[in-house]
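First listed ligand is number 1; within each ligand, the first listed atom is number 1.
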Amino acid sequence: MCGIVGYAGDKPAVPVLLRALKDLEYRGYDSAGIAVLDPGEAGALSVTKKQGKIANLEAAIAADASAATTGIGHTRWATHGKPSDQNAHPHLSCGGEVVVIHNGIVENYAELRSALVARGHQFRSETDTETIAHLMEERVKAGESLLDALRGSAGLLAGSQAIVAMSPDEAGVMVAARLGNAGGVVIGYGEGEMVLASDLAAVLPVTQRVAFLADGQFARIDKLGASFVNVAGEALQVPVKRIPIDPVSALKGDYQHFMLKEIMEQPEALSDTIWSLATLEPAELYLNDLGAAAERLAGVQRVVLIGMGTSLHAAMIGRHYFEQFAGVPAETDNGSEFRYRDPVLGPETLVVSVSQSGETVDVLEAMAIAGTKGALQVTICNTEGAQTARVAEGAVYTRAGLERGVASTKCFTAAVVALYALALKLGQAKGRLSADEVRRRLAELAKVPDAVARVLADAKRYQRLANDYATTQHLLFLGRALAYPAALEGALKMKEISYIHAEGYAAGEMKHGPIALIDPSFPTIAIATKHALRSKMISNVEQVQARGGKVLAIVTEGDDELARLADGVVTIPEVSELLEPIVASIPLQLLAYYVAVHRGCDVDQPRNLAKTVTVE
Ligand code: F6R
């Protein structure tokens with residue numbers, strides 16, 4: 001959830017940390033802080049931290065730029081302790097022996113804190129994180145190295161954590177740990193310098209050679225490299241990989257917001273995803289990252305798809321693909337619910353986790369449960385080497401490039417494409433799809449990037465349309481069948497970035513309650529495209545209008561009947577039934593974006609949200 005960064009090298013650390021923190025600000029922006037250590041002067045540790053965005057931290061540092069060449073930094077999404085300067089990371093031990101940044105929750109922090117206070121420790125913040133600094137302090141004072149102090153303290157912490165620490169006693173050194181699924185620690189190998197961060201976005205501008213800490217791994221890092229141990233202190237080999245992501249794609253370019261850039265990038269993101277997974281001549285699927293999972297597909301009897309938020313909506317669309325192509329029962333669940341049930345799964349169940357980051361804690365915990373039951377696991381992920389990909393037997397990567405806007409757009413549509421490809425592969429493995437059928441389905445998929453591009457070419461229209469919705473208090477999004485998850489996603493986009501109360505509903509369910517809300521001040525957006533049970537949707541549109549509600553309908557080009565009936569229409573090009581929700585989602589993304597801009601909202605960093613949710 002929070003962003004963590006670190007640097008050890010010969011350059012001044014402060015600019016490197018600030019730039020990296022900006023790359024991670026989407027993860028949380030309640031406060032930011034850095035600690036730097038000057039190797040020249042023993043004990044020269046300085047900490048600066050400020051409530052609010054990184055700009056506040058930058059302003060605080062400007063007058064006091066340090067030449068220190070080792071440092072750590074943090075951008076916070078508050079869990080324990082309100083957003084404030086005091087609760088901002090990094091956190092110091094009593095005498096500044098240890099300084100810590102942290103992502104995750106120390107679930108037993110209250111108990112640890114009382115014990116530490118009873119032993120004479122003085123706390124300066126309300127955070128759970130500070131307990132780690134005090135626990136490590138005791139060990140460092142007893143003569144342990146910083147790495148051993150982190151290992152020893154880690155055993156006392158309940159919950160999932162990613163922790164990075166420094167000490168003035170070990171100039172030029174950072175230590176890091178990953179315990180559970182509270183987010184990643186990516187260690188980047190530069191030339192005579194090392195960086196670390198909670199995700200790749202902040203490492204790639206320095207180097208594409210990276211190592212990922214896995215659960216239970218600890219690292220000691222200085223400017224010359226890193227060494228790794230497990231909790232018992234035994235040396236580990238952690239592979240260093242070259243990541244083929246172009247850091248340029250992380251830049252905002254001429255766009256006002258990352259979200260708009262990412263919406264506009266969808267034709268390319270979809271095309272890259274499709275052609276990394278398939279060819280048309282010959283019509284073949286190349287899901288090479290499925291690895292050993294490919295061999296087990298023929299035995300799959302059931303599919304369970306797991307995700308959170310937007311990724312869950314992608315999974316809900318994907319469910320239809322598995323049922324149609326593979327003829328197996330498919331269901332979806334929210335990772336945070338799944339993990340607390342006792343789900344019935346077995347080796348014949350394929351669990352498909354959908355997570356653009358591959359680091360969402362509820363998805364990872366759900367995967368852990370699926371693992372204990374012997375289910376076959378495949379993840380749909382946009383981040384190569386992410387934790388879901390390490391846990392699953394196989395992966396299907398989307399090629400959407402880095403997504404920086406907190407509201408997911410291109411990763412959503414790319415995930416739907418990846419699910420389509422995986423479902424085709426399963427249908428093939430189970431002998432349900434002929435070569436001709438696969439060819440036909442791939443040819444239909446190949447048309448999608450172009451259809452999306454045609455909707456985007458008319459983006460300005462949504463800017464004008466946004467005027468009509470910018471002052472509304474409530475919005476209802478309706479859809480049926482495959483358009484139902486698209487309606488849920490339209491409502492989620494609208495509420496998260498514009499703060500307008502929006503509900504997504506299965507249109508057939510509307511009469512069972514929500515229709516009571518309809519009045520002239522409560523507009524409805526209805527996905528009534530050609531294949532989305534259009535005739536039934538026409539009835540729903542009429543029912544809303546009969547109660548004085550106004551309806552904007554998303555329709556297929558040429559649908560004059562709905563154009564006459566609805567109060568407003570936007571059209572999308574015709575694509576095959578199964579792929580319609582991808583194209584129908586584009587107008588909803590654009591509308592949410594322009595409504596949010598019209599309302600003056602912080603589109604890329606909406607309040608209370610974070611891009612990667614690594615806490616419960
Ligand atoms: C909403 C949004 C979130 C994420 C959710 C899961 O726009 O982005 O709902 O979809 O937090 O994130 P991932 O896909 O990284 O697991």
message = I'd like to know if the side chain of Tyr29 and the backbone of Gln605 have a donor-acceptor N/O pair within less than 3.5 Å.
response = yes
inquiry  = Parallel, tilted or perpendicular, judged at 30° and 60°: which one describes the rings of His501 and His474?
reply    = perpendicular
ask   = Between Val406 and ligand 1, which residue portion shows a heavy-atom distance shorter than 4.0 Å: side chain, backbone, both, or neither?
value = backbone
ask   = Heavy atoms only: which of Ser408, Ala386, Ser357, Ser353 is nearest to atom 15 (O) of ligand 1?
value = Ser357
message = Show the atoms of ligand 1 that are less than 4.0 angstrom away from any heavy atom in Ser355.
response = 13 (P), 14 (O), 15 (O), 16 (O)
task = Just jot down the ligand 1 atoms closer than 4.0 angstrom to any heavy atom of Gly309, in number order.
result = 9 (O)
note = Of all heavy-atom pairs linking Val595 and Ala466, the shortest is N-CB, 3.6 Å
key: Nearest-contact summary for atom 5 (C) of ligand 1 - protein heavy atom, Å   = Met308 O, 3.4 Å
key: Check: Arg178 side chain, Gly180 main-chain N or O, donor-acceptor pair, under 3.5 Å   = yes
query = Glu403 side chain to Cys411 main-chain N or O, any donor-acceptor pair under 3.5 Å?
reply = yes
key: Closest protein heavy atom to atom 7 (O) of ligand 1, given as residue, atom name and distance to 0.1 Å   = Glu496 OE2, 2.5 Å
remark   = Among non-hydrogen protein atoms, atom 13 (P) of ligand 1 lies closest to Thr360 OG1, 3.3 Å
query = Are Arg607 and Tyr499 in a cation-pi setup, meaning NZ or CZ lies under 6.0 angstrom from the ring centre and within 45 degrees of the ring axis?
reply = yes
note = Interatomic distance, NE2@His89 vs NE2@His102, rounded to 0.5 Å, equals 7.0 Å
remark   = atom 11 (O) of ligand 1: closest protein heavy atom, distance to 0.1 Å, is Val613 CG2, 4.0 Å
Ile380, Thr409, Thr310, Val354: member with heavy atom nearest to atom 10 (O) of ligand 1 = Thr310
ask   = Under 4.0 angstrom from ligand 1, any heavy atom of Lys493?
value = yes
